Structure formats: C-alpha cells, structure tokens
Amino acid sequence: MTRMSKFPGAGLAKGLAVTLRTMTKRSVTQGYPEVLPELPPRSRGVIALFEENCTVCMLCARECPDWCIYIDSHKEVVPAKEPGARDRTRNVLDRFAIDFALCMYCGICVEVCPFDALFWSPEFEYATEDIQQLTHEKDTLRAWMWTVPAPPALDERAEEPKELTMARRAADKLAKEQAQAASEASGASASEASEAPEDGTP
Amino acid sequence: MSALAAAADLSGSGGPGFLSPTGAEVAFVLIGLVVLGSALLVVTTKQIVHAALWLVVTLGGLAAEYLLLTAEFIAWVQVLIYIGAVVVLLLFGLMLTRAPIGRSAELDSASKWPALLVAGAAAATLLTVVVDAFHAAYLDLGETGDGSARVTGESLFRVWVLPFEVLSVLLLAALIGAIILSRSRGDDADRRR
Amino acid sequence: MTLFEVLVRLVLVLLCFLVLPLVIGQTEHKVMGHMQARVGPIYAGGFHGWAQLVADGVKFAQKEDVVPAGADRRVFRLAPAVALIPYMVVLIAIPLGPGDLVGRSIDAGVFFVLAVMGVGVLGSLMAGWASANKFSLLGALRTAAQLMAYELPMLLAAASVAMAAGTLSLTGILGEWQWWWLPWQAVGAVVFFTAGLAELQRPPFDMPVADSEIIFGAYTEYTGLRFALFLLAEYAGILVLCALTTVLFLGGWHGPWSGDVGWLWTLLKTGLLAFVVIWLRVSYPRLREDQLQKLAWTGLIPLALGQLVLTGIVRVATA
C-alpha cells in the first residue's frame, strides 16, 4: 500500500460502499431485443444507396480505402431530340454492391459522393451466419434508404444551409425580374401613373 | 487399527444377551468389519492415494463406533482431527511429492512378512489383554451418557489432568523443535549466501 | 421422538438443503448484476429471471458426463458426493427456532458441525487428484493448504463462544445467548466468518479455483451434473456458514417476538450474512496464495487467541 489511510480498513470499507451505491442506482443495461436502442444522430449503422442519384462516377469506389465497393455499369445511347443534333450517352448502373465484411465504416464514400447518392443509415441488424452474405447488392442498399433519418436540425443560430441560401437568392432574383417586367409593362400603358407604386414602397 | 477393530468385535458381542444381540450391537459388529476390511485395504492396495482414502473410511468407521458407544465428543474430535486434518495433510503431502494415478510397483515393501508378523503379534497381545481385562464387563449404553462433552471434560480435567498437562508440554516441545529445525535451515541458507 | 417425526424432520432439512442454496444462488446472480450496474438474469421464468437456476439445472442434466481418459474413474465419480453430502448432514444440527425447532439437537454440536464441514474439502482433494490434470492438482493443493490454514482460527473462534456459553451444544449456546454477547464476541465473529469464507473458497479467497491462473482448479475436468453438484456444494456451504455464524455469534432466533417468529429471525440473519458473502465477492479482488497464508497465520489466529483470552477474562469476572 503506497498511501496510508487514516483508519485501518478504510480502503476496504470504501470498496464496499462503491458496490453498494452502484446497486441502488439504475442499471445501465439496455433491453436490446425488446427495447430498441436510442441511437445518436449520424449513427454509422450501414451505408444506404439512393440509386436515382447515382451517376456511376466511381468516385466512391476509388476512394474506398479497402476496396469494398463494386460497381458495374454500361452506357445507353439517348437518341437526339432534335434532328441534326448529336446522340447523347447516359451511364446506367448495373450493379452496386458493398462488402460489409470488408467495410471499415470510415464513411469516405459518403463524404466523397458529389451527387448525394450515399447516406449513413442507423440500421445495424444485418448480421448473417455466413460472411459471403455480407456483400449487399443495390436493391438491399436501396431498401435501406428508407431507414435513413431526416438530417438533424441545425443549431439555433447556425448559418443556414447553402441550398436554402441559393434557392432564396434565385427566388429573390426571379421576383425582382417579374416585378420589373410588370412595372415596365404598366409604365408602357400608363406613364403618368408610374410614380405612385414607388411612393408606396420606400 | 485391525487389532482395535477385532477387539471391538469381541466386546460388542460379549453382553448378557449373547445370542440375542440388540440392534446397536449388530451395527457395532458390522461397522467393525467395515473398519477391519478398509484397514486391510489401506496396507494392501497398490495405489498410494487409494490407501489414504481407505484410511478415511477406516477412521470414519472408528468414529461411528465411538458414536455407538455414546462417546459423542470423542467421535467428532476423531472426525475433525483425523479426517479433517491428518488425512488432508497426508493427501497434501502425497500430492506434493508423488501421487501417480494407477498402481505403483515400489509400494510393495520387501519387509512385508516381518511387518505382518509384528502387526499380528501386537494385535494378538492387545486382544488378549483387552479380553482378559473386560471379558465379563458390560456397559449398559442406554443409561449412562458417559461420552458426553461434559463428562469427558470433567474426567479429563479432574482425574487425568496431570497426563493431560504432560502431553501438552510434550506437544509444546515438539512445536518449538519444529520451529527451531525450520529456522536453523534458513540460517544455513543465509550463511551460504 | 417417533420414527415418523424423525422422517418429517429429515425431509424438512432436505427441503431446506435443496431450496435455500438455490435462493442464495439466484440472489447472487441478481445482486452481483446490480452491483455491477447490470440487471442479471432476466428472461428465465419471466419475473426477473427467477427460474434461471432451474434452467441451469436442466442444461447441466442434458450435458454429457465426461470422465478424462487418464483419470482415476472411481475416485473421480465419487468426489462430488463427498463434497456435497457433509453440508447436508451439517444442516441437521443447526437450530432454526426456539425450543425443538431443530433437525436433531447434538450434544457436541459445535464440534460436529466443524468436523463434518472439514470432510467436504476431501471432495475437492479427490476431484483434483483423480482428474489427472495439472491444473486440477494445483487447485487441490491450494485447497488443502487453505483448509489447514483456516481450520484453526475457525475452531478457536467457535471455541470462544462455546466457552462463553459453557456448552458445546448449538441449542444450548442459543439458550444462553444475551444481547451483549454481540460486542463481546465481535472479533470472534469476524474471524469465524472470514475463515469460513476461506474454507468455502469464496472470493476474495478463491485461489483454489482462480480461473485466470488454474482454470477452475479441482473442478476443471468436470461436466454436467457432477459439475452442478460441486456448484451446489459451494452454495450449500454458504448457507451452512451463514447459518452457523448466525447461531454462534448473532443470536440465532433471538429478537423481538422470538417466541412466535424465531425461525424468521434465523432466516433473516442468515440471509443478511449471505448477502454480505456476495457483497464481498463483488467488492474485493482475489488474494494471492502467500497473502492468504499470511492473513491466516499472522492475522486471524492471533485475533482468535485474543478473543479466547477476552472471553475467559469476562467469563471468570462475571462468574
């Protein structure tokens, strides 16, 4: 014993007190199969694929540190809509699979996706009896999309999302243009009445 | 041990109802036979740990005999000291040194016949002495509670107090001797170092 | 006492022997769980997992009874019985309530109880040797060393109470008991209880079965029902030790309204002590083998001798 306590056996009593106190508190056990756990936002359960957004750019597969994403695709020709124009091609996704036996849940693929096609889902109950079955194809990945929660609310005084700023700016611009067009039209029909709305809106 | 058991057999059937023994007397004889048999097994078995375990049966049987003679206190002391301590110590020693499972050949001593002779002679002597001294005596177990702790204690500390004290001095001497033996070896080790 | 009465008493003792250790075992599961911020067994039987030990028993009964190839088969098979039966026999002598509420009142009760309890350790020794396994043998050796170290302080502490009461009978001791014996025999009680824990190989004195060192000591090779019997012996041992400490040091059935509910007092005190046994197990780490021996020979035995002297002085002064 390095530190001598005041009374002999004080340390022993302290140990007993700790266990007794723990006994009177609520236990931290979660009744998992009956009571589902309350997972924190942005829990990394499984990676879901929003297939409609995927353009087969392959960025995710190339960034993946342990090469667990498999992508197959082919090109389809979209015939030109107007005569004389060039035919366009479009990438069509044939296979998108993630091998969760390899995946290390780093989330780089989610970060790197430029088209918001990959999302974290809190779903975690996909254990299997065979390691081969841990490679999940795109239909399963698409189905997991339904379990992706809405993004958590922003902090109270946080900057608003860029999308909203952009959208508002576009809307404002459109409104201004429309107002201008309207005022020009009315100015052309009755030029003496054009002073009044400017007084009304200082 | 076997001599004691044999003696016990004789004294058990030596009561007034010689041809109509009571249940206790029959039990006494039967347990005596068990004690005798297990005692023989102690010395004849070729497996050394089995010998120690048969010794447990022998000593336990003796405790049962004491009980039948209403010597309750002696019986429990027998269990406590002999089975609980001596045999445990014996087994401890055996396991610490050598205790192979199965038969060991070197357990058969060369001096087995002289040993048998000596044991037989000792048994015969004891048997003769006991039978000669008590052959007509009969202890009515129903009336006397002679083996209770109180009676044993009173006779030990009133009548037999001198032998008791002498024995305790002997034990003390042995204790001190053991301490000195173990310490002197330690000193030697220190000196050598 | 008629034969029928004797039979009824034996059956009642057997019932106690079969039920109370299971109750203690279940309490241990739950108390240990909550002391470690868990909930313990929760499914078996529905209500707080009350049937967990029953389920365990069913599981043990289904398992294969394996005897190692190199083992001494007869001794190996006999060992669990030798370990278990003495505790059952001891239970006969422990008085539950005032008057005649005892399996069988024995004149040298203290000696009887301690002697028969000591026999149980032979079971561990036999198991350890017969398993033909070096870990088992080590466990058995530790058991024997531990027993020899702790039998003495236990006996001395019990002798102190016998001296105070002037009788060796357990019912007699309870008859003489006064409330002020509690402080008078307090040191003896602590020594007795600690030594008893060591003799039962309960944590923090569980080196003979230290799982991180020698797997499970003498019981390493056992499976199925025989293993369950060893476990049952451990819990029966807790019951016997707690009941004995209650009777010798805590006044057994003495308490308010002891005339009517004396047996309840005995059970309550025994249960409280069993809780302490579990509590100690959760709180303290295992001692080392040499620390254990040191505690016995330089700590408990002098304390027990001091208690004997104190008992003698008070006894002579008040006589």
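Every chain is numbered from 1, with letters handed out A, B, ... down the list of sequences. Just so you know, these numbers come straight off a predicted model, no measurement behind them. For the numbers below, each heavy atom of this structure counts, side chains included, while hydrogens, waters and symmetry mates do not.
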Proximity breakdown for [X] and chain B, heavy-atom pairs closer than 4.5 Å:
| X | result |
| --- | --- |
| C:L122 | side chain |
| C:L168 | side chain |
| C:L147 | side chain |
| C:V121 | neither |
| C:A145 | both |

| said: Among B:V56, B:L53, B:L91, exactly one meets side-chain contact (heavy atoms from CB on, under 4.5 Å) together with C:M126. Which residue is that? | reply: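 When side-chain contact (heavy atoms from CB on, under 4.5 Å) is applied between C:M126 and each of B:V56, B:L53, B:L91, only B:L53 qualifies.
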| task | Quick one: pull up CG in C:L155 and CD1 in B:I81 and give me the separation to the nearest 0.5 Å. | result |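 The CD1 atom of B:I81 is 7.0 Å from CG of C:L155, to the nearest 0.5 Å.
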| Atom pair CD/CZ of B:E72 and C:F111 - distance to nearest 0.5 Å |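 These two atoms lie 12.0 Å from each other.
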| field | Residue, of C:L125, C:V75, C:V119, that accumulates the most heavy atom pairs under 4.5 Å with chain B | value |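 Highest number of heavy-atom pairs under 4.5 Å: C:L125.
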| Contact winner vs chain B - C:G120, C:A144, C:G118, heavy-atom pairs under 4.5 Å |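 Of the options given, most contacts go to C:A144.
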| task | Would you please test C:D72 and B:H50 for side-chain contact (heavy atoms from CB on, under 4.5 Å) and show each step? | result | CA-CA 10 Å; C:D72 189 315; B:H50 282 195; 2.7 Å; yes
Nearest non-hydrogen partners of [X] and [Y], listed with the distance:
| X | Y | result |
| --- | --- | --- |
| C:A140 | B:M95 | CB-SD, 4.0 Å |
| B:F92 | C:L141 | CE1-O, 3.3 Å |
| B:W76 | C:A115 | O-CB, 3.4 Å |

| field | Flag if over 12 foreign heavy atoms under 6.0 Å of OH, B:Y82 | value |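 Result for OH/B:Y82: open.
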